[in-house]
Number of protein chains: 2
Amino acid sequence: MGDDQVNLGLLCFFPYRAMETRVMAAATAAGFDDITLAQARIFQRIGPAGTRVSDLAEQARVAKQTATFLVDQLERAGYVERVPDPTDARARLVKIAARGEEAVALARRVEAEVEAEWAQHLGRRATAQLREALTRLREITDPYQGT
Amino acid sequence: MGDDQVNLGLLCFFPYRAMETRVMAAATAAGFDDITLAQARIFQRIGPAGTRVSDLAEQARVAKQTATFLVDQLERAGYVERVPDPTDARARLVKIAARGEEAVALARRVEAEVEAEWAQHLGRRATAQLREALTRLREITDPYQGT
DNA sequence: TGACAATAGACAGATTATCGAACCAATATG
DNA sequence: CATATTGGTTCGATAATCTGTCTATTGTCA
């Protein structure tokens, strides 16, 4: 006893999971009911100019084959499309398709909604500090902050 | 552009994953190399007095069957044991076994180490504020904070 | 420049994780 | 006490993931 403090990593987990759950539930309710959590975690990483499968894999920390597999499904469901990478004939860029843009728009709305609830609970000042601290923490916990 | 702020849920994800990765890597290096991430996520939830499989399932948000399956493996590997629940003859308590305690001790050490690095980066004041904010956020994002 | 290594992506097969359904035993409820 | 609920497991199916291997393209450097 005495040192029964929950570790910071675990404390970060609860909001993360809560947000993910809310967004997924809203997506399902809105008719995007064919997307799975694993697919969403890949989808989330696609940049505005498109992203390579191997980059998606690296950022999501799964094997290239897994990313290929999940992108296949996202493509079949109409959320993304694969286009040749003009700068490298070996590569292809995964880009968000029309249906994917709709899903992104919904996700952004829900995210803002949930953040508003959190800010309501914490207060504006503490929320701003939280964002600031997490952003700085990202510098040493996320190798891909450039994305 | 302009609204390109990363959402708070995702910002929470990076430290969470970083911590999980560090602990798992240290565990593997220390000879606890037969435990998987899925198993660890269940194991992590076991309370000091033991916890029922259905509670583990609920907290980890997996089906009872999945928890049973993972506890089976943890038991075979010597990390946990199942004992009858004295208060309910239907139930069994999953308890941490000797080898499990060793793994917990290692995990605690690594967690403290990583937190020290984070505190180094953020400063003590900001770290304390971060813990405070996340703890308050847990009130509305984790239904099982009692654990 | 041309041989060779490295990279991007995909396919095949095996393993792990997960869920839905059905089941048994014990407990709670009327 | 009859019935519903709860805790746990087993079975079968599906989803997700990895290792290994392959082709095509690109990068390197002697």
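Chain A is the first sequence line, chain B the second, and so forth, proteins listed ahead of strands; every chain is numbered from 1.
- Between the CD atom of B:Glu58 and the C1' atom of D:dT6 there is a distance of 12 Å, rounded to whole Å.
- For A:Glu20 and A:Arg41, the salt-bridge test passes: some basic side-chain N is under 4.0 Å from an acidic carboxylate O.
- The closest side-chain heavy-atom distance from B:Arg99 to B:Phe32 is below 4.5 Å.
- For the pair A:Arg76 and A:Asp34, the salt-bridge criterion is not met [side-chain N within less than 4.0 Å of a carboxylate O].
- Toward the 5' end of DNA chain C, the nearer of the two residues B:Leu37 and A:Val53, judged by each one's closest nucleotide, is A:Val53.
- Surrounding CZ of B:Arg61 are more than 12 heavy atoms belonging to other residues, nucleotides or ligands, all under 6.0 Å away.
- Of the charged side-chain nitrogens involved, at least one lies within less than 4.0 Å of a carboxylate oxygen, so that A:Arg22 and A:Glu113 count as a salt-bridged pair.
- Protein atom CD1 of B:Ile42 is 12 Å distant from nucleotide atom P of D:dG8, rounded to whole Å.
- Interface remark: the B:Arg90 side chain does form a donor-acceptor pair with the D:dT6 base, using a distance-only criterion of under 3.5 Å.
- When the nucleotides D:dG7, C:dG9, D:dT17 are ranked by their closest atom to the side chain of A:Ser54, C:dG9 comes out on top.
- Distance, A:Leu56 CG to C:dG9 C1': 12 Å, rounded to whole Å.
- Neither B:Leu93 nor B:Ile46 shares a network with the other; the hydrophobic side chains, linked directly or stepwise wherever heavy atoms of I, L, V, M, F, W or Y lie under 4.5 Å apart, form separate groups for each.
- Using five terminal pairs a side, the axes of the helix from C:dT1-D:dA30 to C:dG30-D:dC1 at its two ends make an angle of 30°, given in steps of 10 degrees.
- B:Arg41 places its CZ atom 13 Å from the C1' atom of D:dA16, with the value rounded to the nearest Å.
- Between B:Phe43 and B:Tyr79, the ring-plane angle classifies as perpendicular under the 30° and 60° cut-offs.
- Atom CZ in B:Arg92 sits roughly 13 Å away from atom C1' in D:dT10 (whole-Å rounding).
- Residues of residues 60-86 of chain B that place a heavy atom closer than 4.0 Å to DNA chain C, in numerical order, are B:Val62, B:Ala63, B:Gln65, B:Thr66, B:Phe69, B:Leu70, B:Gln73.
- Between the CZ atom of A:Arg52 and the P atom of D:dT26 there is a distance of 10 Å, rounded to whole Å.
- Taking a cutoff of 4.0 Å between a charged side-chain nitrogen and a carboxylate oxygen, B:Glu111 and B:Arg108 qualify as a salt bridge.
- Counting non-hydrogen atoms of other residues, nucleotides and ligands closer than 6.0 Å to CD of B:Gln120 gives a total of 12 or fewer.
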